[in-house]
Amino acid sequence: MAYDFDMIRTFYNDLPSRIDRVRKQIVHPLTLTEKILYSHLFDIKHLQHYKRGSDYASFRPDRVAMQDATAQMTLLQFMITGRNHSSVPASVHCDHLITANSGAEQDLKSAREINSEVYDFLRSACNNYGISFWKPGSGIIHQIVLENYAFPGGLMTGTDSHTPNAGGLGMMAVGVGGADAVDALTGSPWELRFPQITGVKLTGRLNKWVSAKDIILKIAGMVSVSGFTNSVVEYFGDGAESLSCTGKATICNMGAETGATASLFGFDEAMVSYLEATGRKEIADLARANRMHLRSDDEVYSDPAKYYDRLLEIDLGKLVSHINGPFSPDISTPVPEMKEKAAGFNWPADAEVVMIGSCTNSSFEDIARAASVVKDALSKKLVLKSKLLIIPGSEQVLLSAEENGYMELFRKAGGEILANACGPCIGQWNRGVADNNRSNTIIHTFNRNFAKRTDGNPNTHVFITSPEMAAAIAFSGKLAFDPQNDKLMNEDGAEVLLSEPYGPDLPPGGFVSGTKDSFGPESALTEDIIRIDPHSQRLQALVPLNPWDGKDFINLPLLIKAKGKCTTDHISMAGPWLKYRGHLENISENYMTGAVNYFNGLSNSVFNRLTGNYDSVPATAKAYRDYGTGSVVAGEENFGEGSSREHAAMEPGFLGVRAIIVKSFARIHETNLKKQGILTLTFREKGDYDKIREDDMVDITGLKDFSPLATLTLTLNHSDGTKDNIPVTHTYNEIQISWFKAGGALNIIRNNETMK
Ligand code: MIC
Ligand code: SF4
């Protein structure tokens with residue numbers, strides 16, 4: 001029986017009447033996005049025609065998923081709300097804290113030892129609050145959610161930016177910060193800006209070396225890392241229906257790299273096959289009976305330009321394999337053009353390490369197709385030229401791939417199998433190289449490739465591709481390798497061409513059945529103690545933030561004016577810092593240490609006006625906080641791109657940063673900051689960013705009349721006695737202004753709880 005089946009059955013039983021009600025109010029043909037969102041409004045009495053891209057609405061997600069690196073703060077915040085049980089089904093997945101070092105078995109053992117305190121805390125909190133706990137080794141959150149929890153037409157939030165992966169099964173799944181997840185966990189309204197809706201029509205069929213990953217690699221190149229911000233992307237067309245369910249999930253997963261709120265496919269037979277193969281026939285049957293409610297209306301598909309805010313079309317038959325990177329997932333190069341481009345940019349030619357896996361590309365089909373390339377290469381007497389690492393997404397995929405002989409092929413070729421976890425994708429990797437500053441190239445099938453993310457080396461050029469391309473590149477050892485045209489020299493000195501990859505999307509004999517317990521969640525024990533050692537270096541109970549004092553911000557020093565790309569990896573690095581994800585004070589020591597100071601071009605070196613010297617960002621922030629003023633931060637475009645980690649938004653609060661003013665924000669980071677009570681402002685004229693000087697003292701006025709339409713004023717008091725008055729805009733609605741005033745959204749839930 002599927003997990004939480006009662007909830008899902010009730011959902012499908014109610015769906016027709018919910019949609020009927022929506023149709024009475026919204027009279028035009030409905031997109032799938034509208035069906036899902038309107039049928040999940042927090043209060044049906046608020047059913048109205050929300051203006052896409054601008055109005056906020058409140059929703060009631062069906063479930064919540066959390067991964068260990070973000071679940072710690074989420075549950076610590078849940079604890080201060082005073083609730084004692086999760087209001088919706090929820091799960092925690094232990095996947096981010098496992099370091100890749102010496103192979104799956106040993107790495108898992110070490111992780112259990114090193115992280116025992118954190119795992120114990122998560123397990124005890126889960127047991128107390130009625131949340132399913134998936135132990136280390138069970139797999140990566142998004143694979144497990146797809147295999148066990150996602151269902152067509154549902155709505156979920158997850159404390160990870162790649163939560164939209166579940167869109168492969170027709171679920172609207174949105175990546176959020178922990179405070180947002182707490183909304184659903186406490187049964188409070190979860191607020192989201194009603195998104196714009198982009199249609200992507202896929203026609204034709206993929207050619208043999210081309211895969212679902214290439215669709216999203218191509219789209220990222222077309223629209224950029226912020227192109228779909230505040231937009232849900234709906235894929236449709238005969239090409240969409242030709243893709244496997246897990247292929248669809250890959251596309252939805254990496255939609256996060258275009259800024260999309262979520263990505264979705266309409267319900268189809270590929271989803272039925274996947275649900276059945278993963279033991280959820282009863283859900284497949286219910287979904288089939290509700291088919292018309294789980295897809296956009298026919299009128300939308302036949303005249304998409306009329307109903308979508310934006311429309312793209314891709315002919316899969318013309319699509320070629322792509323490789324994206326380095327340093328940003330939207331630098332997209334068709335494989336046939338790679339030789340010229342790599343030479344032109346002087347990208348290191350040798351692919352030193354190739355990695356296949358991650359939450360994006362670790363399905364049975366991905367492993368099968370990559371393994372087919374390995375099998376072909378071995379039969380043609382080719383040997384690996386790059387180090388090859390395989391990272392399965394879940395225990396279920398691993399066991400099934402073992403049963404079908406795929407893992408043995410990787411081992412035979414000399415590849416190494418890592419634990420079913422995030423590992424190198426999030427910098428949990430002992431790469432074992434002496435010079436970690438050396439310029440070099442690695443290629444993987446993950447979704448992100450920001451500088452330093454994988455191995456901490458700023459000069460590692462990381463490229464993203466599909467599993468089959470990655471496998472082929474591992475045998476050529478070269479970034480610029482086109483398996484369709486380039487021959488390889490084998491051990492006998494003969495030139496051979498690799499054959500086209502192939503592989504089933506689902507295990508022909510079914511997924512390895514075993515007992516679910518061997519890879520399912522731990523059974524809920526009743527235990528009343530949530531373990532936090534007061535002397536712990538890894539966990540620290542949270543202290544509620546102070547409310548706003550009702551005054552304008554006057555004379556705040558500038559902490560840092562960040563230059564260029566400033567992702568959440570720059571704001572709160574992962575890798576070695578993951579160990580402090582449950583300890584706000586300790587993790588705050590990494591705040592903005594990866595961001596580049598506009599004035600000296602250096603990382604983690606900012607002017608401290610109290611000492612007149614340059615110091616680290618966290619030390620300078622603390623000095624201003626303790627001096628009593630606090631400080632402000634400035635940045636450029638898509639500030640906070642990438643992760644959902646709200647540490648990037650909690651650290652500034654802890655360090656006394658009171659406002660962040662940028663050219664534009666990434667969606668999740670902006671919401672996280674608002675939820676933590678930090679003032680998020682944007683320059684009305686982007687060029688005003690240039691007016692900020694290193695030793696400016698900053699005023700922010702107009703706060704007493706802070707309202708959704710009000711413009712605030714930023715005054716830059718320069719040290720030469722001159723001033724610049726700059727209008728700054730914001731995206732706050734009334735509710736969000738109340739978060740600011742209360743010193744963070746959780747204070748409101750907490751106060752409501754104490755008033756009960
Ligand atoms: C990521 O891929 O960047 C992460 C690590 O999964 C993050 C979450 C985190 O920082 O814990 C994400 O994508 O949200
Ligand atoms: Fe884990 Fe990487 Fe996926 Fe993030 S993107 S959830 S770190 S595998």
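Counting starts at 1 for both ligands and their atoms, following the listed order.
A donor-acceptor pair under 3.5 Å is formed between the side chain of Gln428 and the backbone N or O of His96.
Between Asn447 and ligand 1, no pair of N/O atoms sits closer than 3.5 Å. Ligand 1 has an N or O atom lying under 3.5 Å from an N or O atom of Arg448, backbone or side chain. For a threshold of 3.5 Å applied to N or O pairs, the pair formed by Thr159 and ligand 1 contains no separation below that value.
With a heavy-atom cut-off of 4.0 Å, Gln72 does not touch ligand 1 at all. Counting heavy atoms under 4.0 Å from ligand 2, residue Asn447 touches it through the side chain alone.
Tested against Ser643 for a side chain to side chain donor-acceptor pair (under 3.5 Å), the candidates Glu641, Glu646, Arg645 yield a single pass: Arg645.
Protein contacts to atom 1 (Fe) of ligand 2 involving N, O or S atoms at a distance below 2.8 Å are Cys422 SG.
The distance from ligand 1 to the heavy atoms of Asp160 drops below 4.0 Å at these ligand atoms: 4 (C), 6 (O), 7 (C), 8 (C), 12 (C), 13 (O), 14 (O). Listed by number with element, the atoms of ligand 1 under 4.0 Å from a non-hydrogen atom of His96 are 4 (C), 5 (C), 6 (O). Taking every non-hydrogen atom of Ala69 and a distance limit under 4.0 Å, the qualifying atoms of ligand 1 come out as 11 (O). Applying the 4.0 Å criterion to heavy atoms of Arg645 picks out, from ligand 1, the atoms 3 (O), 5 (C), 9 (C), 10 (O). For ligand 1, the atoms sitting less than 4.0 Å from at least one non-hydrogen atom of Ser644 are 12 (C), 14 (O), numbered in the order shown with element in parentheses. If you number the atoms of ligand 1 from 1 as listed, the ones under 4.0 Å from a heavy atom of Thr70 come out as 9 (C), 11 (O).
Once rounded to the nearest 0.5 Å, the distance linking OG of Ser363 with CG of Leu146 reads 9.0 Å.
Taking the six-membered ring for Trp and thresholds of 30 and 60 degrees, His93 and Tyr149 have ring planes more than 60 degrees apart, a perpendicular arrangement. Ring geometry for His583 against Tyr580 counts as perpendicular: the plane angle is over 60°, on a 0 to 90° scale with 30° as the lower cut.
The shortest distance between side-chain heavy atoms of Pro329 and Met254 falls below 4.5 Å.
Heavy-atom distances between Gln67 and ligand 1 reach below 4.0 Å in at least one pair.
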**Item:** Candidate pair Thr250 and Asn253, rule side chain to side chain donor-acceptor pair (under 3.5 Å), full reasoning
**Value:** CA-CA 5 Å; Thr250 294; Asn253 176 302; over 6 Å; no
